[in-house]
Each structure stands twice: as C-alpha cells, then as structure tokens.
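Read through the structure below, which is laid out as structure tokens, and then see the notes.
Residue numbers start from 1 in every chain, and the chains themselves are labelled A, B, ... in the order their sequence lines are given, proteins ahead of strands.
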Protein chains: 2
Amino acid sequence: MGIADKETRNVPTLASIAERVGVSVNTVSRALRAPNTVRVELRRRINAAMEELNYVPNRLAGGLSGTRSDIVGVVVTSLYYSEFASIVDTLQSGLLEQDLQVMLANTRYNPDQEVRLVRSILSWRPAAVAIIGVDHPPKVVELLKASGIPIIEMWDVGGEIIDTAVGMDHASIGAAQAAHLIAEGYARLAFVGSLRENDRRAQKRLRGAEAAVVAAGLPEIVRFTAQQNGSPDLGERLTHELLEQRPEVDAIVCNSDVVAFGALRALKRRGRRIPGEIGVIGFGDNEASSCVSPSLTTIRPDRERIGKLTAEAILARINDGAPKTTVVDWELIIRESTRRRDSQNQ
Amino acid sequence: MGIADKETRNVPTLASIAERVGVSVNTVSRALRAPNTVRVELRRRINAAMEELNYVPNRLAGGLSGTRSDIVGVVVTSLYYSEFASIVDTLQSGLLEQDLQVMLANTRYNPDQEVRLVRSILSWRPAAVAIIGVDHPPKVVELLKASGIPIIEMWDVGGEIIDTAVGMDHASIGAAQAAHLIAEGYARLAFVGSLRENDRRAQKRLRGAEAAVVAAGLPEIVRFTAQQNGSPDLGERLTHELLEQRPEVDAIVCNSDVVAFGALRALKRRGRRIPGEIGVIGFGDNEASSCVSPSLTTIRPDRERIGKLTAEAILARINDGAPKTTVVDWELIIRESTRRRDSQNQ
DNA sequence: TTGAAAGCGATACCAT
DNA sequence: ATGGTATCGCTTTCAA
C-alpha cells in the first residue's frame, strides 16, 4: 500500500456514494447534515453505502464552501514539562463536543517562529485561535486582528488584549512569592532559572517580586538566569554559581518547579539547611513538588480551568457572544521548603 | 470587531490581489509557488499588495485542488504528565521544516473516542497520520488502511503494524524491570499504578515482568491497580493498600514515575527503609525522578528520538520511501530506590 | 422529499 | 512570462 497508489486509489466522495445509491450528491449531503429531511429508507441505504465504502467526508471541501472550518488554532510557547500540555488537553476536550479540531503550533519562545506559525495556522481558515500570552510581535497582532475570527489569549492577562483573554496576573504572582518569603523572615532574595527574552510572563513575575522587595526596604533581587529551557540541571548549575558568588542570599525564587528541584539538590549537596538557612519557592506546581524533600512551596496555576474557560470562550465567541476577559485565580501552596514558622496549609 | 462582521469582512483572496495589481490570479499564484517565473518588478508589486492587505493563502482551497494537504494527524492517548508531550514536541518541530501542520487528537485511552477522532482527522485529508500504539479497534485499522496515506505507529512495536512503526518493545522493558529487582535480591514483586483496559503497553510490560519472575522461580506478581490516570496520590493510596494486604512484598514496579513518587511517600510514612527493606522502580524517567529521595530507579524511553524518527519516517514515506519499522532503545536508570549493592551507573 | 447548478479559492494544464 | 479554464468535493440556494 504505497503512496504511489495515490493517483490510482479512489477515495470515496459524496458523488460516489450518490452514484452507488442512485440519488444526487445533494441528498447524500443532507443525509449527513440534516438526516430528517431524507426518507428513512433512503437514509438507511445511504448510511450503509458510506459504511461499506468507509466514506470519510472531505472537510477541506466542506470548509471551503461552507462558512465555518471547524479548526481551532492553538499556539503555545512550549510543550516541555507539562507547562501547557494540560491546558491543551482540557481545551481540546472542551472543543471536542462541538467537533472542533485542534491544530497545534509551538513557537518555542521564538517571535519569528510565532509570526510564521500564526500565518500558517490562519491559512487553514480556523474558526478561532487560542494563543499563549498577550505579548506578541506586532505582525502577529495585525494578522490576528485582520483575520476577523475570535482570538483567545491564554495564561496571561497583564497587557493589551486583542479580543478575549483567559489568564493570570503574573505580577501579582511574583509579588506573592516575595511577600511569602519576606513573611517567613527571608531578606536576601535571588531569582534563578530560565528567563528568556520572550517569556514576558516570567519577566512580569520577576518585576512583581522586585516591587515587593523594594516596598519592604530590602536589597534588590539577585539574578542568576539563562536563556535555555528550565530543567533540574539548569537549576543546579545556577544555584551553585549563586552560592559561590552571592553567599549572603537566603531565599531563592525559581522560575519553575523543575528548576527548583535542581536548586534543592545543589543546596543539599552543599549542606545548606532548607528552610532553616535558605528558602526555596517554585512556580507551576509540578506533580512531583509534593514528593521531593523538602517538599516544595510553589504557585499552583489552575491550568484545567484556563483550558476549560478558553474552550467556553471560543464556543461563546463563535456563537456571537461578546469578548470577555477572565482573570483566573492561582494558589500559593506552602510546603516545607519555605516554612520556618508554624503556618497554615498542607 | 465582532463575528457579526464576518459576512461583511472580505478576507483577501488571490483574486483580490490579482485585481489590485492588475494581473490574473494565475500570475499571483505563481508569484507564490514559483517566484522566478514572474517578472521581478511584477513580483515586487504583488508582494507589496499581499503585505498591505495581510493576505494569507487559503490552504483549504489549496489542499482541495492540489494533491497534498500538508496536515499531519497526530493521535495520542494522553497529554498528562509529559507522557507524550515531548514526542509531540519533537515530532512537530521535525515536520515544521516541510511546512506540515500538526492536527492533534487525544483519545484518553477510550477506543470509541479513538474511532471517532481518527475518522475526524482523516476527514481533513492529512498527508500522514502518526498515532500512539499498535493496538487499535478494528475500525480504526480499517479506516487508516483505507485512507492510503502513510501511517506511523509510535511508542510500541510489539504487534501487528499497519504501515510503519517507531517505538519500543514493552515486554522487554517489563522483563528488565523485574530482572533488575531480582538481581538486587528482591523476591516478592508487586505491580502498582494505573492499568487501563486499553493501555496495552502497560499490559505488555507487566507480562514481560511476570515472565521474568516465573523464569526465576519466584511467586507471581501481586497487582494493585486502578483504571484512572496515574498520579502520586494514586500511587500513595494503592501502596498503603498493598502494604496492609500483602506485607510480604519487598519490591514495587510502578507503572509510571509519578505513581512511584506517591509510593515512596507512602513507604516513608510507614517507616519502611528504601531500598533496604523494599525497592521501588518506575517507568518513564520523569524530570523529577533524580530529585526525589531516595532518587528513583526507572526506565528512560528516548522520547526525543521517537518524535524525531517519526517525523523522518513521515517525510520519507510521503516522498515514496518504503515503510520501515524502527525499534527504539530505552535505558535502565539505576538510582537509589533499588540499589542495595554497589552497582554501576549514576 | 429530492435534484440541478452555482459557487468557495486555490491549482494545473494548455494556450498565447 | 502571462492568462484562460477546468477541476477539486462539498454546501447552498432555488426549483421541481
């Protein structure tokens, strides 16, 4: 069964079904989209023929002639470490009910790629586009606006919104991270992890934390960051550098939980007591964060909720609902890695 | 900018560009696909018009008239916990070079859903389909075969293959898990975690382990499993049950690392020494597995490689290459949770 | 309840 | 180098 057969092989079309049953294409089409406008007996024969020939409708043709295309473009910045995988997961199952298909693109935090991929996705005439973030290259904004379809920006709500957004206020997350550390008595904060030029969310969190530190009259946050993907190894390496160059630091804000895992490893290797001597807070609530030791204090974004609300927003917008931006809550999960005093929580 | 404008809004077409520049659609089309067959000056004006109007080609139309559709259907069984996210990631970036777009579907281990989703994906006339596993409902196999396009089955190679497969031999993985435990001196094995009726890979691993246990003359493997998604909480719960009902067990094979995280937690709560009294091995090599304590012995599948090879196989098959199944290696990563004697490895 | 015919927006072949 | 025209498979009026 090679590709060479492609020209010879005749994939069944509506017309071939029609011919076989002895009706017009039209009737077959209606048997599919509006079954009750076709005689029961005829409908039965049509269905039988479709089943027998393994007929699969050609939605390229359908989308071209009809009004809607039933594709939803989903643009993420990464799929590593579940960061957005579960958003995509929930989003997708929400769209499934309406037979909307997800077309996926991954920019890997590269703005040129983002322009290219958005263009590419729009070329499939999607019914809507869901995209991570609210900070895009101007061309992306222009293209998305010009497309005239609903655009849902996910994950972040802190900025100019094209149409509708479902996300979190990242500055307040950073502020909460710093405030928690300060409340636990830490005073010399560091920020460790990947901090890509185009990860505006991470930058917003860092700025939120910086503002909180300044407000508390503490020295400014020390940064040990890299442009690469976050990972335990990166966290470990950066933390070693940090400890050597800035021994006065007594608390580390990690840009993601996996980075924090590496930071914990480095600290333990060097015999630093956690949380006594030094505290560590992460971001993202990785599934393992309650299982490392000490267990990791972190921020838990409600990814399921973002995915679900995005699906709902898409459906609403497609059905002429008005744009409506939603700020989604997150939660500070206090665990052992920062808890010095007797606190609340798990 | 509402959807109501949709009828009024005129998305630019080849024809509108052509009219604006004063040439035929044909010329504009060639300016895109074969630029050197169009006068430089004219091409410049055409490009300018496209840029100005934010023209995005309609690939539904292109796919309908042309031979190929540039869509690759990707069907996974889950997106949770990175199990397949990084395969999708690598696969996608491999396809990007050829401007192939990924259309994603997630069956969540539901065979009815699988039939529905495969049908749905085929309706977009993809150039190829990549799908997790080699065990599918008969209807899925029938549809995929009838489509006449390249089908790449991923992750598993242990069974009937439709066209081309890129995956691992899961039975040998299970055998290696058991063999390792036995070599470390464990004798009463248990299998803990999610074991869905439709997760044939997990079943193959379990059977591989059972065969190894039988071959070693040891008592058969005790099972504590559930149908739900694997998670630390599930692992913790099942392990507590296991310890109460089968106290003689001295080694646990977990169906995934996240389940193992929970198992470790349960064991520590009960004061069981790991690996002295009881050993734990996982599957999947989660990014946190080297960071929990004790660090987790596990199997590391080469997900990047599977994604990359799948992309290559798709491109090869599209270009008339022959079907070619590849068995991808995995690695036993020995860490603290099973190492009783002085072993090799990290 | 059913059918005929005109698009949808591109591509591809054949002329010019 | 450029244009005319049929075509892809379906949806959507409009008639019958």
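For A:Asp70 and D:dG9, the CG to P distance is 20 Å, given to the nearest whole Å. B:Arg59 has its CZ atom 22 Å from the P atom of D:dC8, to the nearest Å. Distance, B:Leu60 CG to C:dT11 P: 12 Å, rounded to whole Å. A:Arg33 has its CZ atom 11 Å from the P atom of D:dC10, to the nearest Å. Rounded to a whole Å, the CZ atom of B:Arg125 is 19 Å from the P atom of C:dT11. If you take CZ of A:Arg30 and P of D:dC14, they are 16 Å apart, rounded to a whole angstrom. Residue B:Glu41 contributes atom CD, which lies 10 Å from atom P of D:dT2 at whole-angstrom precision. One atom, CG of B:Leu32, and another, P of C:dG9, lie 16 Å apart when rounded to the nearest Å.
Side chains of B:Arg33 and B:Ser29: a donor-acceptor N/O pair is present below 3.5 angstrom, by distance only. At a cut-off of 3.5 Å, with distance as the only test, no side-chain donor of B:Ser123 or B:Ser120 sits close to an acceptor on the other residue.
Taking 4.0 Å as the cut-off between side-chain N and carboxylate O, B:Asp156 and B:Arg200 do not count as a salt-bridged pair.
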- [ ] Evaluate the criterion salt bridge (Lys or Arg N to Asp or Glu O under 4.0 Å) for residue pair A:Glu52 and A:Arg45; output intermediate values, then yes/no.
- [x] CA-CA 10 Å; A:Glu52 190 183 344; A:Arg45 282 169 50 213; over 6 Å; no
TODO: Before giving the answer on salt bridge (Lys or Arg N to Asp or Glu O under 4.0 Å), spell out for A:Arg303 and A:Asp89 the whole-Å C-alpha distance, their side-chain angles and the decisive distance to 0.1 Å.
DONE: CA-CA 10 Å; A:Arg303 299 192 176 86; A:Asp89 191 8; over 6 Å; no
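The side chain of A:Val23 sits closest to C:dG3 out of D:dC8, C:dG3, C:dA10. Out of D:dC8, C:dA10, D:dT2, the shortest distance to the side chain of B:Leu64 is found at D:dC8.
One finds a side-chain N or O of B:Ser29 lying less than 4.0 angstrom from the OP1 or OP2 phosphate oxygen of C:dT11. An OP1 or OP2 oxygen of C:dA10 is reached within less than 4.0 angstrom by no side-chain nitrogen or oxygen of B:Ser65. The shortest distance between the side-chain N/O atoms of A:Arg39 and the OP1/OP2 oxygens of C:dT2 is below 4.0 Å. For A:Tyr55 and D:dC10, the shortest distance from a side-chain N or O to OP1 or OP2 is below 4.0 Å.
Where B:Ala61 and A:Thr27 meet DNA chain C, the nucleotide closest to each residue was compared, and A:Thr27 sits on the side nearer the 5' end.
Within the nucleic acid shown, B:Val25 has no heavy atom closer than 4.0 Å to any nucleic acid atom.
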